[in-house]
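Model, not experiment: these values are computed from the prediction.
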Amino acid sequence: MGDPQIQTPAAEQYWHLWTDAEGMSRHQLCTISEFKLGRLGPRNSPQFSRDLIKDGNAFVTYLPVGWTADWHENPEPKWIYILRGAWAVTSMDGQRVVMKAGEYSYGGDQGCVMTSDGRFGHLSEQVGDEPCVQLVIQRNDNAWRNLPPGSFS
């Protein structure tokens with residue numbers, strides 16, 4: 001664990017979808033940092049990690065080619081990791097972010113207020129000619145609810 005060759009990793013970027021004080025969903029590019037070097041098990045080699053979840057669940061989603069969703073909020077705050085393919089998320093302010101395999105985002109747009117043109121939360125859609133496979137990790141309590149961008153920095 002004290003190997004001088006092991007360097008602390010640089011901050012990782014992610015898209016944070018959040019709700020502002022007026023109930024408008026927005027995207028902000030943020031970073032996650034403060035990785036700690038440790039062993040995940042007694043016989044494992046040391047590796048960097050960052051705890052994000054204590055009470056929650058994880059699941060894989062499969063979005064077939066052509067999949068779209070209407071305007072909606074994430075019912076629970078969650079991390080969405082793109083394992084394969086691509087998807088896009090459009091926030092209420094009109095920003096559309098396309099995320100591809102290896103990228104991830106945080107869905108924390110709870111508490112939005114519907115606009116006069118029916119925008120509420122976000123739109124999401126599969127992008128490209130291959131299905132989008134995602135790993136989703138969410139908490140089952142309020143610890144991640146309404147966190148501002150940069151809360152995981």
Heavy-atom pair of closest approach, residues [X] and [Y]:
{"X": "Gly23", "Y": "Met92", "result": "O-CE, 3.5 Å"}
{"X": "Leu123", "Y": "Asp70", "result": "CD2-C, 3.6 Å"}
{"X": "Ser25", "Y": "Asp109", "result": "CB-CB, 4.2 Å"}
{"X": "Thr19", "Y": "Cys112", "result": "OG1-SG, 3.3 Å"}
{"X": "Ala143", "Y": "Asp141", "result": "N-OD1, 3.1 Å"}

Check the pair His72, Ser124 against side-chain contact (heavy atoms from CB on, under 4.5 Å), reporting the backbone distance first and the verdict last.
CA-CA 9 Å; His72 68 285; Ser124 52; 3.4 Å; yes
If you apply the rule side-chain contact (heavy atoms from CB on, under 4.5 Å), what do you find for Leu83 with Gln134, and how did you get there?
CA-CA 5 Å; Leu83 303 174; Gln134 304 169 338; 5.9 Å; no
Would you say that [X] contacts [Y] through its side chain, given a criterion of any heavy-atom pair below 4.5 Å between the two side chains?
{"X": "Pro75", "Y": "Glu73", "value": "no"}
{"X": "Cys30", "Y": "Tyr14", "value": "yes"}
{"X": "Ile137", "Y": "Tyr81", "value": "yes"}
{"X": "Asn57", "Y": "Gln138", "value": "yes"}
{"X": "Gln110", "Y": "Pro77", "value": "yes"}
{"X": "Trp18", "Y": "Gln28", "value": "yes"}

Using a strict threshold of under 4.0 Å (side-chain N to carboxylate O), is an ion pair present between Glu76 and Arg139?
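A salt bridge is absent here (no side-chain N lies under 4.0 Å from a carboxylate O).
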Any side-chain hydrogen bond (donor to acceptor under 3.5 Å, both in side chains) involving residues 94-108? Give me the pairs, sequence neighbours left out, ordered by first then second residue.
Arg96-Glu125
Can a side-chain donor-acceptor contact be found between Gln13 and Thr31 if the only test is distance below 3.5 angstrom?
no
Answer yes if the side chains of His27 and His16 hold a donor-acceptor pair under 3.5 Å, and no otherwise.
no
Just jot down the side-chain contact (heavy atoms from CB on, under 4.5 Å) partners of Asn142, sequence neighbours excluded, or say none.
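Result, side-chain contact (heavy atoms from CB on, under 4.5 Å) vs Asn142: Arg145.
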Would you give the length of the straight line joining atom CG of Asp93 to atom CZ of Arg26, rounded to the nearest 0.5 angstrom?
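Reported value, rounded in 0.5 Å steps: 5.0 Å.
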Starting from Leu17, walk the hydrophobic network (Ile, Leu, Val, Met, Phe, Trp, Tyr; side-chain heavy atoms closer than 4.5 Å) and list everyone else you reach, by chain and number.
Trp15, Leu29, Phe59, Leu63, Trp67, Ile80, Ile82, Trp87, Val89, Val97, Met99, Val136
